[in-house]
Amino acid sequence: MTITKPQLSFSRETRKKMVPYLLIAPVIIYYILFWLNPVINAIVESFRDVDGIWTLGNYIYIFKDSVFYEALFNTAFLVIFSVTIEFLLAFGLALLINKKFKGSSIFLFLAIIPMALPAVAVGAMWSSGLATRGWLNSFLMATGIIDDASKILFLAGGKISTLWMIIIIDAWTVIPFVMIILLAGLQGVGEDVREAGAIFGGTKFQILRKITIPMLRPTITTAMILRIISAIQIWLIIVMLYGFNRLPVLLEQVVLNFDQLGAEFFERIGLAYSVLVAIIVSAAAILYLKVSGSFEKEETENE
């Protein structure tokens, strides 16, 4: 049987369309085997009591617990303020380093050092530094800024000051990560584009607002989503500085109930917490994509 030319053309087109799906197939298989099954199991078990009976009791317990709402507020506070502040500072640093001034490479190297430190090391370092007789107070006394009678109690503030302390420590750790993403995007924006804007009479601020930032939109979206997710998941530094339940956040409650309290009832509460955190993370990412207009842009490209 002779194959006609249109059939051969259709076959090649089909194979071409299948290539992306074949390339991502190993990743999909990996996630199905090692990610999807544990997730489904956690969701199912979160709706069962210690006797294996289906129930909403785990979620009812959480929604009746005042600690949940305190953890939700603390997490929201950290996400809103830390993500905003860290993005602005990271974007400013990325713009500065992108100027490629003398010594910018050394500055970039020094700036990314905190990013290389694991959360445990960061928590241990700041826990020892912010203690009453920690290295920070010792440094201030050695330089004559304070004396022994006026030591600063860094870890003894109220809730809001404690949240700001966490934001400052988290910013020191995370800003380099966001900066690297934004810097990579800036280096993809050709200098000729900015020069064209200047030729047409645009100021530096106008070029930044109307040319550079719109071209960086995919990069900004990636950086913001990753940052929002990691901000929701913050807990280890808080626990190392203040211990459990001094400043409750959502992911800390997962660890506290599932791992620290030990009883099977609390393990199921921890599973329910983990499902709620997953829903909140997904909702936050989708909300940001919606607000940033990424969905509308994708629909326009598809048309």
Side-chain angles (χ1 to χ4, degrees), residues 74-140 142-143 145 152-155 157 160-187 216 219-243 246-247 249-252 255 281 284-285 288:
N74 293 340
T75 302
F77 188 97
L78 290 171
V79 170
I80 292 170
F81 288 99
S82 68
V83 171
T84 302
I85 294 170
E86 289 162 11
F87 172 77
L88 293 175
L89 292 175
F91 190 50
L93 288 172
L95 289 172
L96 178 63
I97 294 175
N98 195 50
K99 295 291 185 181
K100 297 179 181 178
F101 57 89
K102 187 176 181 180
S104 60
S105 298
I106 298 175
F107 180 79
L108 176 61
F109 170 75
L110 295 175
I112 64 175
I113 289 177
M115 185 179 69
L117 299 176
V120 175
V122 173
M125 182 179 70
W126 285 105
S127 178
S128 62
L130 296 175
T132 306
R133 296 188 177 275
W135 55 261
L136 189 52
N137 271 323
S138 299
F139 172 78
L140 294 175
T143 53
I145 298 175
I152 302 174
L153 304 178
F154 292 103
L155 301 178
I160 299 301
S161 62
T162 301
L163 286 168
W164 279 110
M165 179 65 70
I166 296 299
I167 288 173
I168 292 171
I169 295 173
D170 187 58
W172 178 81
T173 308
V174 174
I175 283 176
F177 169 75
V178 181
M179 180 190 69
I180 291 296
I181 296 176
L182 295 175
L183 181 60
L186 283 171
Q187 292 178 347
L216 281 177
T219 303
I220 292 173
T221 300
T222 301
M224 291 296 285
I225 289 177
L226 291 175
R227 185 62 202 108
I228 289 170
I229 292 173
S230 63
I232 294 174
Q233 294 176 343
I234 187 172
W235 72 279
L236 185 55
I237 293 176
I238 296 174
V239 170
M240 293 191 69
L241 287 174
Y242 299 101
R246 163 76 185 279
L247 186 71
V249 290
L250 288 174
L251 200 60
E252 176 217 16
V255 178
V281 167
Y288 178 78

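Here, residue 1 is the first one in the sequence, and each next residue gets the next number. The analysis underlying the following values was restricted to heavy atoms, covering all of them including side chains, and did not include hydrogens, waters or symmetry mates.
Counting heavy atoms from C-beta outward, L117 and W172 have side chains that approach closer than 4.5 Å. Taking the side chain as every heavy atom from C-beta outward, Y242 and M165 approach each other to under 4.5 Å.
In this structure, P176 and A111 approach most closely via the heavy-atom pair CG-O, 2.9 Å. The nearest pair of heavy atoms linking I232 to A284 is CD1-CB, 4.0 Å. The minimum heavy-atom distance linking A223 with I181 is given by the pair CB-CG2, 3.9 Å. Between L163 and L78, the closest heavy-atom pair is O-CD2, 3.8 Å. Of all the heavy atoms in L182 and A90, the pair that sits closest is CD1-C, 4.1 Å. Residues A231 and V83 approach most closely at CB-CG2, 4.0 Å, considering heavy atoms.
For F101, the CZ atom is densely surrounded, since the number of other residues' heavy atoms within 6.0 Å is greater than 12. Crowding of I160 atom CD1: a count of heavy atoms from other residues, nucleotides or ligands under 6.0 Å exceeding 12. Few gaps surround CZ on R246; more than 12 heavy atoms of other groups in view lie less than 6.0 Å from it.
Interatomic distance, S82 OG to I228 CD1, rounded to the nearest 0.5 Å: 9.5 Å. Summarising the geometry, atom CZ belonging to F107 is positioned 5.0 Å from atom CG belonging to L93; distances are rounded to the nearest 0.5 Å. Atoms OG1 and CZ, from T132 and F154 in turn, are 9.5 Å apart once rounded to the nearest 0.5 Å. For the atom pair CG (L96) and CG (L186), the distance works out to 11.5 Å, reported to the nearest 0.5 Å. One distance of note links CG of L216 with OG1 of T221; it measures 10.0 Å at 0.5 Å rounding. Considering CD1 of I169 and OG of S127, their distance stands at 9.0 Å, rounded to 0.5 Å.
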(request) Would you sort out whether N74 and I166 count as a side chain to side chain contact (heavy atoms under 4.5 Å, CB included), showing the intermediate values? (result) CA-CA 11 Å; N74 293 340; I166 296 299; over 6 Å; no
(request) Walk me through it: do V255 and V239 pass the test side chain to side chain contact (heavy atoms under 4.5 Å, CB included)? (result) CA-CA 10 Å; V255 178; V239 170; over 6 Å; no
(request) Determine, step by step, whether D170 and E86 satisfy the side chain to side chain contact (heavy atoms under 4.5 Å, CB included) criterion, reporting the C-alpha distance in whole Å, the side-chain angles of both residues, the deciding distance to 0.1 Å, and the verdict. (result) CA-CA 9 Å; D170 187 58; E86 289 162 11; 3.0 Å; yes
(request) Assess whether side chain to side chain contact (heavy atoms under 4.5 Å, CB included) is satisfied between L108 and L183, documenting all intermediate values. (result) CA-CA 10 Å; L108 176 61; L183 181 60; 4.1 Å; yes
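Using cut-offs of 30° and 60° on the angle between ring planes, the pair F87 and F91 is parallel. Below 30°, between 30° and 60°, or above 60°: for W164 and F77 the angle between ring planes is above 60°, a perpendicular geometry.
Residue I175 forms a side chain to side chain contact (heavy atoms under 4.5 Å, CB included) with just one option from L89, L88, I85, and that option is L89. Under the side chain to side chain contact (heavy atoms under 4.5 Å, CB included) test applied with M224, the options I220, T222, L226 reduce to a single match, I220.
In this structure, the side chain of T84 does not engage the main chain of F81 through any donor-acceptor pair within 3.5 Å.
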